[in-house]
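This one's a predicted model, so the numbers in the text were calculated from it and none came from an experiment. A note on names: the letters A, B, ... follow the listed sequences, proteins ahead of strands, and every chain is numbered from 1. Heavy-atom basis, side chains included; hydrogens, waters and symmetry copies ignored.
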Amino acid sequence: MNTGLLVLAGALTGAVGPGISVLYATYGEVITEKAGRINLGIEGSMLMGACFGFAATVETGNVLVGVLAGALAGMALSLIHAYLVVFRNTNQLATGLAVTLFGAGVTAYAGRGYVGSSIGGLNPVAIPLLSELPMLGKALFRQDLLAYAAYALGPLLWAFLRYTRWGLSLRAVGENTSVAFAAGRNPARWQVAAIGAGGLLAGLGGAQLSLALTHSWTDGMTAGRGFIAVALVIFGMWSPVRAMIGAFLFGGAIGLQLQLQTIGAPISPFILDMFPYVITLAVLAVWTGAALRSMPEGLKGVLKGTI
Amino acid sequence: MRYRTGFKSTVRSLLVCALASLSLLLVTACGASAPAATAKPADVLPANTGPSAADLGGGSPTAFAKVFTDATAGSKARAASAYADAAKPRPAGQKLKVGFIFVGSQADLGYNQAAYEGSQWLERAQPDVQVLRAENIPETAEVQRVAEQMITQGASIIFATSYGYSGPIKQIASKYPGVVFLHQGDLETRENYGAFFGNIWQLEYAAGQVAGKMTKTNKLGFIAAFPIPQTLLNVNAYHLGARSVNPKVETTFVLTSDWCDPAKQTTAVRTMVDSGIDVFTEHQDCTKTIVEAAERSPNTFVTGYHQDASSAAPRAWLTGAAWNWGPIYSQLVGEIKAGTYKTSVIFGGLDAGFVKLAPLGKSVPPEVQAATLATVEGLRNGTIKPFTGPLKDQKGAVRITSGVVPPDAELQTIDWLLEGITGSLK
């Protein structure tokens with residue numbers, strides 16, 4: 001195999017690992033924003049998921065309990081955000097940031113005793129035949145269960161939003177609360193549910209990070225991946241399927257820069273380190289026109305700064 | 001039909017948010033400086049005696065003492081008795097407060113745990129010392145705030161244990177002329193700011209030998225955070241050790257640009273395993289993730305850094321380089337109390353017991369174990385000098401000429417990688 005292919009294969013293998021947690025958070029933020037709300041507290045929800053998922057796994061010895069605890073912890077934090085923005089009508093951006101800071105503090109404190117703990121964790125399970133495919137097989141089909149669930153969740157969410165009555169209601173609330181209200185939907189209830197579901201998914205993403213990818217908890221371990229998810233929602237134009245491309249591109253950029261370092265490419269590791277963010281920014285810059293058209297109406301006020 | 005409430009409640013909710021963030025800050029601050037609940041029971045050592053050979057991991061108490069006397073003799077600074085509050089008499093029963101600031105968690109199986117255990121050693125060795133601790137303090141102006149808070153609480157000696165603290169702490173040192181600041185790893189001093197570190201690269205050389213003997217693919221991986229001189233010295237020593245027993249070895253050097261980002265660490269291990277690397281080591285603050293990732297990866301081994309982490313990888317663990325901070329902290333505090341301390345840059349190696357070899361793993365064959373212990377002995381008594389010229393850099397240029405052995409101080413400023421190491425620094 002020549003060097004180019006080797007680099008690509010390496011980047012692909014590296015893409016899925018760090019991409020999955022971001023993907024879950026992106027799914028969560030898509031649901032939240034489809035209901036016309038934005039949640040910058042998603043980074044905090046990821047931390048909650050990573051921390052409490054890990055702690056629950058250590059305490060019970062059961063990684064599935066950990067996954068569940070992580071998801072619930074992520075949801076619990078996002079419900080604080082939901083209460084404040086939906087019922088107290090606070091500024092969504094400021095509230096989200098405060099919620100993230102709060103989550104960071106809570107997890108740093110609650111997770112202190114677990115930094116050195118070891119867990120069995122979720123390990124990769126190779127899918128027969130598929131995992132033997134050249135290049136892609138190894139990258140995509142030798143992953144943990146949460147990764148496989150994430151592959152399936154994208155199309156499922158897309159179908160949910162597009163073809164089910166619940167999906168329709170959610171989108172209606174996101175487009176125009178008055179119309180949705182007139183049609184018999186309670187916008188507040190739908191938005192709280194959407195933000196809660198978003199936090200649940202972000203919590204799962206955090207749990208994937210601590211339970212499957214790293215088998216470790218360290219405070220602040222999400223390192224801004226929740227904020228990347230917020231950007232990827234715009235990149236994916238509020239589509240869960242396109243969000244998958246975004247998340248793997250982000251993961252791929254991390255994989256690629258480590259791969260390039262490993263083969264000794266004469267490029268500064270510091271420049272390489274900017275890769276994921278440069279790609280995200282570039283994509284935002286190029287796609288924003290198209291993205292604006294697909295943005296839920298209810299979000300436009302927030303993003304234009306009028307609320 | 002608007003279900004939203006009015007402006008007043010917006011303001012009210014913003015207040016709630018502000019309060020929430022404030023209380024969060026308080027929680028983190030308190031959480032950070034709260035003393036650990038996990039302190040080991042105190043087996044109190046006799047006060048005012050130097051460390052024993054056992055305390056020094058086999059190092060010599062005489063060599064240990066000599067490192068400090070030489071540093072004092074070579075220093076142009078004033079003695080601590082002239083300015084340090086810690087050297088002044090204290091009312092009976094009042095303890096001397098010493099602050100320790102850590103960049104990470106005390107349970108990281110790595111740098112911070114080693115430093116943390118050193119601070120516990122100090123407390124046991126000197127019962128009249130009360131240690132204040134703060135974990136997870138970033139290398140920003142935040143460390144100034146924490147140090148100042150400790151000084152307000154009465155600390156008159158501050159140990160700033162992370163490399164990146166040097167800039168921020170030097171900025172505030174002159175504001176507190178009665179406080180002695182001690183930095184772990186800096187190469188320069190101020191009036192009341194001294195530094196100390198250990199020649200841990202000696203153990204990296206020994207660990208590199210084990211790695212060189214254990215690798216099947218002749219490819220070693222070194223996962224580092226930033227290309228600081230300490231790190232470059234370590235990777236060069238590791239590579240030299242490996243090459244001394246296996247000339248075919250190549251070492252790949254990868255940077256994660258973070259002292260502790262477990263997700264990046266794991267991705268780095270996976271990427272490197274894919275490229276055929278089968279022995280890992282690292283220069284990160286938290287080491288648990290990489291050590292465990294190596295354990296989970298078949299036919300892959302790991303040598304540790306900072307601390308014995310063999311418990312996390314019973315199969316993959318080979319050996320590692322470990323710190324021995326306790327006696328150093330205790331000696332420094334003792335000298336400051338006595339007023340004899342003069343700020344200087346103190347360095348010690350294996351001979352002085354500043355660093356030690358972490359236990360050898362059960363995967364290492366007995367003859368390799370014996371050879372490693374012999375190498376450690378040779379490094380200790382000076383018969384093995386790894387950085388003896390000629391040594392060439394990555395581009396093949398001779399950087400240390402034939403027969404020359406650079407002094408330790410020069411090694412500590414190394415800014416190039418040896419021939420056979422893959423990796424970029426710029």
Part of [X] within contact of chain A (heavy atom distance under 4.5 Å):
X         : value
Thr267(B) : both
Thr289(B) : both
Leu255(B) : both
Ala263(B) : both

Practice task
Give the C-alpha distance, both sets of side-chain angles, the deciding distance and a yes or no for side-chain contact (heavy atoms from CB on, under 4.5 Å) between Asp261(B) and Met221(A).
Solution key: CA-CA 6 Å; Asp261(B) 183 340; Met221(A) 73 183 293; 5.9 Å; no

Completion exercise
Nearest heavy-atom contact between Thr218(A) and Pro262(B) is OG1-CG, 3.3 Å

Practice task
Taking all non-hydrogen atoms of both residues into account, name the closest pair between Thr266(B) and Thr214(A) and its distance.
Solution key: OG1-CG2, 3.5 Å

Exercise for the section: Decide side-chain contact (heavy atoms from CB on, under 4.5 Å) for Val254(B) and Leu258(A); before the verdict, give the C-alpha distance in whole Å, the side-chain angles of both, and the deciding distance to 0.1 Å. Expected result: CA-CA 7 Å; Val254(B) 162; Leu258(A) 287 166; 3.5 Å; yes

Practice task
Select, from Gly17(A), Ser216(A), Gly264(A), the one with the greatest count of heavy-atom pairs under 4.5 Å involving chain B.
Solution key: Ser216(A)

Fill in the blank from the handout: Assert top hit (heavy-atom pairs under 4.5 Å, partner chain B, pool Asp219(A), Ile254(A), Val85(A), Leu209(A)) equals Asp219(A)

Exercise for the section: Return the option, out of Arg296(B), Lys264(B), Met272(B), with the maximum number of heavy-atom pairs under 4.5 Å with chain A. Expected result: Arg296(B)

Exercise for the section: Give, for atom CD1 of Ile263(A) and atom OG of Ser275(B), the distance between the pair rounded to the nearest 0.5 Å. Expected result: 9.5 Å

Completion exercise
d(Leu260(A) CG, Thr271(B) OG1) to nearest 0.5 Å is 10.5 Å

Problem - Other residues, nucleotides, ligands: >12 heavy atoms within 6.0 Å of Phe226(B) CZ - result: yes

Practice task
Check whether Ser117(A) gets within reach of chain B through its side chain, its backbone, both or neither, counting any heavy atom under 4.5 Å.
Solution key: backbone

Exercise for the section: For Gln261(A) and Ser424(B), indicate whether the former's side chain and the latter's backbone hold a donor-acceptor pair under 3.5 Å. Expected result: no

Practice task
Give a yes or no answer on whether the side chain of Lys288(B) reaches the backbone of Trp217(A) with a donor-acceptor pair at less than 3.5 Å.
Solution key: no

Exercise for the section: Evaluate the criterion side-chain contact (heavy atoms from CB on, under 4.5 Å) for residue pair His215(A) and Glu295(B); output intermediate values, then yes/no. Expected result: CA-CA 12 Å; His215(A) 295 223; Glu295(B) 177 78 6; over 6 Å; no

Exercise for the section: Establish, from distance only, whether the side-chain atoms of Glu292(B) and Ser118(A) form a donor-acceptor pair under 3.5 Å. Expected result: yes

Exercise for the section: Evaluate side-chain contact (heavy atoms from CB on, under 4.5 Å) for Leu213(A) paired with Arg270(B), printing each intermediate quantity in order. Expected result: CA-CA 10 Å; Leu213(A) 185 66; Arg270(B) 288 188 180 178; 3.8 Å; yes

